[in-house]
Amino acid sequence: MHPRARRTALAGRLGDAWKLAIRRAAGGRQGLNEECVEFFAELARVPKSRVRIVSGATGRMKVVEVTGVGQEELEKLLRAGFGRASLVSRPG
């Protein structure tokens, strides 16, 4: 996760992980985590309640789980979403 970006969007790969640029969010670290959850919920087209940060809530490297979406399907969605405009479209 890369905080203080102009917009929330996928920013590339880092090994097997995806880099997510997160725009500045109100609420400090908690706001950044909420922005991350919202991004993955919109990407996978699931309610935010089905997305959780499994580990890394206080750090930049996070493991995110999307209930009901398989890893292969999520990888496909991530690849398709890379390079697109941000999915989270709240005024900043």
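What you see below is based on every heavy atom in this structure, not just the backbone, and it leaves out hydrogens, waters and symmetry mates. What you see is a predicted model; the values in this text were computed from it and never measured.
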Between [atom1] of [X] and [atom2] of [Y], what distance do you get to the nearest 0.5 Å?
| X | Y | atom1 | atom2 | result |
| --- | --- | --- | --- | --- |
| Lys76 | Gln71 | NZ | CD | 13.5 Å |
| Lys48 | Glu34 | NZ | CD | 7.5 Å |
| Thr8 | Glu42 | OG1 | CD | 9.5 Å |
| Leu32 | Arg60 | CG | CZ | 9.5 Å |
| Ile53 | Lys62 | CD1 | NZ | 5.0 Å |

Which atom names give the shortest non-hydrogen contact between [X] and [Y], and what distance separates them?
| X | Y | result |
| --- | --- | --- |
| Ala44 | Val66 | CB-CG1, 3.9 Å |
| Leu20 | Cys36 | CD2-SG, 4.0 Å |
| Leu78 | Leu10 | O-CD1, 3.3 Å |
| Arg13 | Lys19 | O-CD, 4.1 Å |
| Leu43 | Leu77 | CD1-O, 3.5 Å |

Test your reading of the model: is there a side-chain donor-acceptor pair from Arg50 to the backbone of Thr67, 3.5 Å cut-off? yes
Suppose clustering is done on Ile, Leu, Val, Met, Phe, Trp and Tyr with side-chain heavy atoms closer than 4.5 Å. Which residues sit in the same group as Val63? Val54
Given Glu75 and Arg79, is the side-chain contact (heavy atoms from CB on, under 4.5 Å) satisfied, shown in steps? CA-CA 6 Å; Glu75 268 297 321; Arg79 282 192 302 273; 3.5 Å; yes
